[in-house]
Amino acid sequence: MFRIGQGFDVHQFEEGRPLIIGGLTIPHDKGLTGHSDADVLLHTITDAALGAIGEGDIGRHFPDTDAAFKDADSAVLLQKIWELVEKKGYKLGNIDCTIIAQRPKMAPHIGAIRERVAGLLKADVTQVNVKATTTEKLGFTGREEGIASMATILLVQA
Ligand SMILES: Nc1ccn([C@@H]2O[C@H](COP(=O)(O)O)[C@@H](O)[C@H]2O)c(=O)n1
Ligand SMILES: C[C@@]1(CO)OP(=O)(O)OP(=O)(O)OC[C@H]1O
């Protein structure tokens, strides 16, 4: 049996914060803001996994009103949700992600992000695709006000 899920997330830029994407710190002149470490890609993947198993969304499991998740490491949040995926008898089929950012250039970091995500999802790097696109300077991503991310995940029975 297969289960499919999709995720989408946006975080706003803020000066003086590190830019964390896919569990890695990406060199940039500003970072993303949020209740957690604001890892927009890992939040997207977490939501896609939750969607696939019919378990709601990241905010339901880790409310941004709960001090326990202040500055949370999003990799740890994803690992907790992945335990739920495994408990329900599923493993990764494949995942395809898109990071929507005018800057920074993601291409030099895509290989390392894929490796990190594959590790978190206990999968092979070939099961994880990560893409990036600008919006040609249009909209909030084009104005470099924030970064958006999308993902589609396919789970298969373990
Ligand atoms: N933040 C980004 C955005 C894009 N890329 C790479 O550039 C290619 C062209 O982007 P367009 O938005 O002009 O289509 C894209 O396919 C990515 O390979 C990137 O590395 N980082
Ligand atoms: C991760 C959580 C929890 O710290 O906080 P944020 O970093 O604000 O992220 P968001 O994508 O808005 O949703 C989930 C939140 O509850």
Side-chain angles (χ1 to χ4, degrees), residues 4-86 94-121 125-153:
I4 192 167
Q6 56 99 10
F8 175 75
D9 195 25
V10 172
H11 281 269
Q12 194 176 355
F13 274 123
E14 186 179 291
E15 305 275 345
R17 281 178 65 102
L19 178 61
I20 299 169
I21 299 184
L24 303 178
T25 302
I26 308 293
H28 196 44
D29 53 11
K30 52 194 172 184
L32 296 171
T33 187
H35 186 64
S36 67
D37 64 5
D39 189 326
V40 66
L41 177 62
L42 293 193
H43 292 182
T44 300
I45 293 170
T46 302
D47 262 353
L50 284 167
I53 59 171
E55 284 287 343
D57 60 34
I58 187 170
R60 197 180 97 189
H61 291 263
F62 311 114
D64 64 5
T65 46
D66 189 336
F69 306 119
K70 179 87 187 89
D71 299 322
D73 178 346
S74 298
V76 172
L77 303 185
L78 175 54
Q79 280 172 320
K80 284 188 184 153
I81 296 307
W82 204 251
E83 281 169 20
L84 205 53
V85 167
E86 291 177 326
N94 71 294
I95 185 163
D96 185 27
C97 312
T98 303
I99 300 162
I100 304 161
Q102 193 62 43
R103 277 193 327 128
K105 193 82 176 165
M106 294 306 304
H109 310 291
I110 294 290
I113 291 173
R114 285 179 73 199
E115 295 276 1
R116 177 78 167 122
V117 170
L120 292 170
L121 304 186
V125 71
T126 56
Q127 293 166 271
V128 178
N129 194 65
V130 180
K131 313 185 290 297
T133 186
T134 68
T135 47
E136 303 291 351
K137 300 194 174 169
L138 296 169
F140 71 87
T141 52
R143 292 189 295 270
E144 300 183 36
E145 293 167 3
I147 293 181
S149 171
M150 304 192 297
T152 302
I153 197 168

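Atoms within each ligand, like the ligands themselves, are counted from 1 in listed order.
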Check: Gln102 side chain, Lys137 main-chain N or O, donor-acceptor pair, under 3.5 Å |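 Here the side-chain-to-backbone pair exists.
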
Carboxylate-amine/guanidinium proximity below 4.0 Å for Lys70 and Asp64 =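 No, no charged N to carboxylate O under 4.0 Å.
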
Worked verdict on Ser36 versus His43 for side chain to side chain donor-acceptor pair (under 3.5 Å) = CA-CA 10 Å; Ser36 67; His43 292 182; 3.2 Å; yes

May I have the N/O to N/O pairs between ligand 2 and the protein that fall below 3.5 Å, each with atom names and distance to one decimal?
{"residue": "ligand 2", "atom": "4 (O)", "partner": "Phe69", "partner atom": "O", "Å": "3.1"}
{"residue": "ligand 2", "atom": "7 (O)", "partner": "His35", "partner atom": "N", "Å": "3.2"}
{"residue": "ligand 2", "atom": "7 (O)", "partner": "Ser36", "partner atom": "N", "Å": "2.8"}
{"residue": "ligand 2", "atom": "7 (O)", "partner": "Ser36", "partner atom": "OG", "Å": "2.4"}
{"residue": "ligand 2", "atom": "8 (O)", "partner": "His35", "partner atom": "N", "Å": "3.0"}
{"residue": "ligand 2", "atom": "9 (O)", "partner": "His43", "partner atom": "ND1", "Å": "3.4"}
{"residue": "ligand 2", "atom": "11 (O)", "partner": "Asp9", "partner atom": "OD1", "Å": "3.3"}
{"residue": "ligand 2", "atom": "11 (O)", "partner": "Asp9", "partner atom": "OD2", "Å": "3.1"}
{"residue": "ligand 2", "atom": "11 (O)", "partner": "His11", "partner atom": "NE2", "Å": "3.2"}
{"residue": "ligand 2", "atom": "11 (O)", "partner": "His43", "partner atom": "ND1", "Å": "3.1"}
{"residue": "ligand 2", "atom": "16 (O)", "partner": "Phe62", "partner atom": "O", "Å": "2.4"}
{"residue": "ligand 2", "atom": "16 (O)", "partner": "Asp64", "partner atom": "N", "Å": "3.2"}

For residues 109-116, which side-chain donor-acceptor pairs fall under 3.5 Å, sequence neighbours excluded?
{"residue": "Arg114", "atom": "NE", "partner": "Val128", "partner atom": "O", "Å": "2.6"}
{"residue": "Arg114", "atom": "NH2", "partner": "Val125", "partner atom": "O", "Å": "2.9"}
{"residue": "Arg114", "atom": "NH2", "partner": "Val128", "partner atom": "O", "Å": "3.2"}

Partners of Lys131 by side chain to side chain donor-acceptor pair (under 3.5 Å), sequence neighbours excluded?
->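 Lys131: side chain to side chain donor-acceptor pair (under 3.5 Å) contacts with Asp96, Thr98.
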
Would you mind listing each N/O atom of ligand 1 next to any protein N/O under 3.5 Å, plus the distance?
{"residue": "ligand 1", "atom": "1 (N)", "partner": "Ala101", "partner atom": "O", "Å": "2.8"}
{"residue": "ligand 1", "atom": "1 (N)", "partner": "Pro104", "partner atom": "O", "Å": "2.9"}
{"residue": "ligand 1", "atom": "7 (O)", "partner": "Lys105", "partner atom": "NZ", "Å": "3.2"}
{"residue": "ligand 1", "atom": "12 (O)", "partner": "Thr133", "partner atom": "OG1", "Å": "3.2"}
{"residue": "ligand 1", "atom": "12 (O)", "partner": "Thr134", "partner atom": "N", "Å": "2.7"}
{"residue": "ligand 1", "atom": "12 (O)", "partner": "Thr134", "partner atom": "OG1", "Å": "2.5"}
{"residue": "ligand 1", "atom": "13 (O)", "partner": "Glu136", "partner atom": "OE2", "Å": "3.3"}
{"residue": "ligand 1", "atom": "20 (O)", "partner": "Met106", "partner atom": "N", "Å": "3.2"}
{"residue": "ligand 1", "atom": "20 (O)", "partner": "Ala107", "partner atom": "N", "Å": "2.8"}
{"residue": "ligand 1", "atom": "21 (N)", "partner": "Met106", "partner atom": "N", "Å": "2.8"}

Specify the closest pair of heavy atoms between Ile147 and Pro104, including all atoms of both residues, with the distance to one decimal.
->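 Result for this residue pair: CD1-CD, 4.5 Å.
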
Can you check whether His28 and Phe13 have ring centres sitting under 6.0 Å from each other?
->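 For His28 and Phe13, the ring centres are under 6.0 Å apart.
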
Return yes when atom CD of Gln12 has more than 12 non-hydrogen atoms of other residues, nucleotides or ligands closer than 6.0 Å, and no otherwise.
->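 Incorrect, the count does not exceed 12.
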
Go through the side-chain N and O atoms of Asp37 and Ser74 and say whether any donor and acceptor fall under 3.5 Å apart.
->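 The criterion, which ignores hydrogens and geometry beyond distance, is satisfied for Ser74 and Asp37.
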
